Engineer: 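I am attaching a structure below and will ask some questions about it afterwards.
Keep in mind that this is a model prediction, so the values were computed, not measured. When a ligand or atom number is given, it counts from 1 through the structure's own listing order.
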Amino acid sequence: DERMILQFQITLYGDDERLVMARDITRLHRLEEMRRDFVANVSHELRTPLTVLAGYLETYGDMAEQLPPRLARGLQQMQSQTTRMQNLVNDLLLLSRLENDQGGQDDARLDPASLLETVRRDAEALSGGHHRIEVEVTETRGLLGSEKELHSAVSNLAFNAVRYAGEDCHIVLRWRPCRDGACLDVEDDGEGIDPLHIPRLTERFYRVDKGRSTATGGTGLGLAIVKHVLLRHDARLEIDSRPGEGATFRCVFPAGRLVDDRPQVDCRRA
Ligand code: ADP
């Protein structure tokens with residue numbers, strides 16, 4: 001379509017002077033759209049061959065005991081790298097869906113307390129008992145949002161705490177009132193993050209320690225997904241951390257997203 005996209009910047013000088021600048025960003029916008037479509041198409045096309053590969057590898061995996069050790073090790077490597085690629089493709093697809101559509105289609109009245117409890121259980125399974133994980137709820141209101149998207153965002157934050165905080169840490173998943181509305185915090189008392197990295201953490205593929213992140217099974221897209229899910233819920237992500245003093249990832253939801261009466265959707269999962 002032939003729409004032109006303009007970006008305006010208004011600068012105030014004193015009480016009665018304004019400087020208005022208009023920039024034609026039509027081309028930039030188109031390029032961004034092409035990038036999104038390309039990523040979405042490639043990820044989609046990669047899904048089927050990866051599923052076929054994973055299927056064969058699983059069948060051969062059942063025969064690993066009969067293989068010479070070197071081949072069995074190779075097979076194991078192929079399996080883990082295929083799983084990594086599948087996670088990457090799934091996260092890329094999820095991210096482009098979050099960027100491309102408006103959101104709001106599956107918004108419902110949610111019960112954050114049960115959502116946090118579900119995530120706590122999954123995080124505990126991932127942690128294998130190496131962390132103390134707790135849920136704290138002091139906000140009684142529910143949340144208007146997409147259960148699937150918020151589950152994915154909170155899981156990413158909680159799994160990151162398990163992966164990066166270090167062993168024997170205390171992790172708290174919290175739903176509490178805050179100045180702007182209500183906050184959903186994921187807090188750990190682990191290794192923390194150098195402030196230098198914090199502004200870039202939500203960029204795609206940005207990692208503090210690439211080697212370690214790959215070893216823990218991360219795709220580098222987790223916090224980008226969190227940021228986009230929150231944007232679709234009129235919410236924002238705040239990150240507080242200092243090396244050696246843990247990290248807090250705070251999802252701030254505006255009052256307009258809160259619902260007073262009892263939420264209808266219980267987010268507990270089997
Ligand atoms: P991934 O985990 O796949 O690398 P993310 O976008 O989820 O990608 O996270 C980006 C980086 O932020 C991680 O690689 C890690 O270095 C850092 N990080 C995230 N959460 C924590 C945390 N709770 N404590 C310390 N570092 C963290």
Side-chain angles (χ1 to χ4, degrees), residues 36 39 43 46 50 80-99 116 119-120 122-136 148-175 183-233 235-252:
R36 280 188 211 157
V39 172
S43 316
L46 283 173
L50 279 173
S80 72
Q81 295 300 329
T82 308
T83 306
R84 225 183 107 205
M85 265 199 279
Q86 285 181 306
N87 290 339
L88 195 57
V89 163
N90 287 337
D91 275 0
L92 278 171
L93 270 175
L94 174 61
L95 197 52
S96 58
R97 198 177 56 73
L98 292 173
E99 282 180 324
L116 291 184
V119 173
R120 187 195 64 77
D122 295 343
E124 209 149 62
L126 179 72
S127 140
H130 292 293
H131 303 82
R132 191 154 60 89
I133 310 174
E134 284 175 339
V135 171
E136 267 177 32
K148 223 165 83 188
E149 289 177 19
L150 289 167
H151 179 265
S152 154
V154 183
S155 302
N156 267 307
L157 294 176
F159 294 177
N160 274 352
V162 169
R163 288 184 188 129
Y164 301 113
E167 289 207 351
D168 295 326
C169 283
H170 185 199
I171 299 168
V172 185
L173 314 178
R174 196 180 289 121
W175 176 237
C183 288
L184 199 156
D185 305 332
V186 176
E187 185 183 291
D188 68 67
D189 62 355
E191 291 176 13
I193 308 159
D194 194 311
L196 195 77
H197 298 288
I198 293 179
R200 299 197 57 193
L201 286 182
T202 55
E203 287 174 20
R204 292 183 190 84
F205 300 116
Y206 188 86
R207 281 127 162 201
V208 175
D209 178 347
K210 205 167 162 56
R212 176 152 171 229
S213 162
T214 307
T216 55
T219 60
L221 297 172
L223 292 177
I225 290 174
V226 174
K227 178 180 140 182
H228 279 92
V229 167
L230 293 183
L231 273 176
R232 285 154 68 93
H233 288 82
R236 62 175 194 275
L237 179 67
E238 293 177 354
I239 308 172
D240 266 349
S241 182
R242 243 174 274 163
E245 291 180 26
T248 303
F249 291 79
R250 201 176 304 122
C251 311
V252 188

Engineer: Can you sort out which atoms of ligand 1 are near Gly218, meaning under 4.0 Å from one of its heavy atoms?
Structural biologist: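 It comes down to these atoms of ligand 1: 3 (O).
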Engineer: Are any of the heavy atoms in Gly190 under 4.0 Å away from ligand 1?
Structural biologist: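 No, Gly190 has no heavy atoms under 4.0 Å from ligand 1.
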Engineer: For atom 27 (C) of ligand 1, which candidate among Thr202, Ile193, Asp91, Asp194 holds the nearest heavy atom?
Structural biologist: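 Looking at heavy atoms only, Ile193 sits closest to atom 27 (C) of ligand 1.
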Engineer: Just by modelled atom types, is the His170 backbone N or O under 3.5 Å from a matching donor or acceptor in the Asp189 side chain?
Structural biologist: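 Yes: the side chain of Asp189 pairs with the backbone of His170.
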Engineer: I want to know if ligand 1 touches Asp188 in the polar sense, i.e. an N/O pair below 3.5 angstrom.
Structural biologist: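 By distance alone, the answer is yes.
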Engineer: Looking only at atom types and distance, does a side-chain atom of Arg207 sit under 3.5 Å from a main-chain N or O of Gly218, one as donor and one as acceptor?
Structural biologist: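 Confirmed, Arg207 side chain pairs with Gly218 backbone.
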Engineer: Among Phe205, Tyr164, Phe159, Tyr206, which one puts a heavy atom closest to atom 2 (O) of ligand 1?
Structural biologist: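 Selected option, by shortest heavy-atom distance: Tyr164.
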Engineer: Where do His197 and Tyr206 come nearest, in terms of heavy atoms and distance?
Structural biologist: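 Closest approach of His197 to Tyr206, heavy atoms only: ND1-OH, 2.8 Å.
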Engineer: Testing the basics here: between Ile193 and Ala247, what is the closest heavy-atom pair and its distance to 0.1 Å?
Structural biologist: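 Heavy atoms of Ile193 and Ala247 come nearest at CD1-CB, 4.3 Å.
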Engineer: Spell out, as yes or no, whether a donor-acceptor pair under 3.5 Å connects the side chain of Asp188 to the backbone of Gly190.
Structural biologist: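 Side chain of Asp188 to backbone of Gly190: a pair is present.
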Engineer: Give the single entry among Leu88, Asn160, Ile239, Asn87 that approaches atom 7 (O) of ligand 1 most closely by any heavy atom.
Structural biologist: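 Looking at heavy atoms only, the winner is Asn160.
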Engineer: What do we get for Phe249 next to ligand 1 when only non-hydrogen atoms under 4.0 Å count, side chain, backbone, both or neither?
Structural biologist: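 It is the side chain that touches ligand 1; the backbone stays farther off.
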Engineer: Can you list the atoms of ligand 1 that are under 4.0 Å from a heavy atom of Gly220?
Structural biologist: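 In order of number, 1 (P), 3 (O), 4 (O), 6 (O), 8 (O).
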Engineer: Looking only at distance, does Leu223 have an N or O less than 3.5 Å from an N or O of ligand 1?
Structural biologist: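 N/O-N/O distance below 3.5 Å exists for this pair.
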Engineer: Of all the atoms in ligand 1, which lie at a distance below 4.0 Å from a heavy atom belonging to Arg207?
Structural biologist: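 So the atoms of ligand 1 that pass are 4 (O), 14 (O).
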Engineer: Is a donor on one side and an acceptor on the other found under 3.5 Å between the side chain of His151 and the backbone of Val119?
Structural biologist: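 No: the side chain of His151 does not pair with the backbone of Val119.
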Engineer: Any idea which heavy atoms bring Arg232 and Arg97 closest together, and the distance?
Structural biologist: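 Reported closest heavy-atom pair: NH1-O, 3.9 Å.
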Engineer: Are any side-chain N or O atoms of Ser127 and backbone N or O atoms of Val162, one a donor and one an acceptor, separated by less than 3.5 Å?
Structural biologist: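 No, Ser127 side chain to Val162 backbone: no donor-acceptor pair under 3.5 Å.
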Engineer: By number and element, which atoms of ligand 1 are closer than 4.0 Å to a non-hydrogen atom of Thr219?
Structural biologist: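 By the 4.0 Å cutoff, the relevant atoms are 3 (O).
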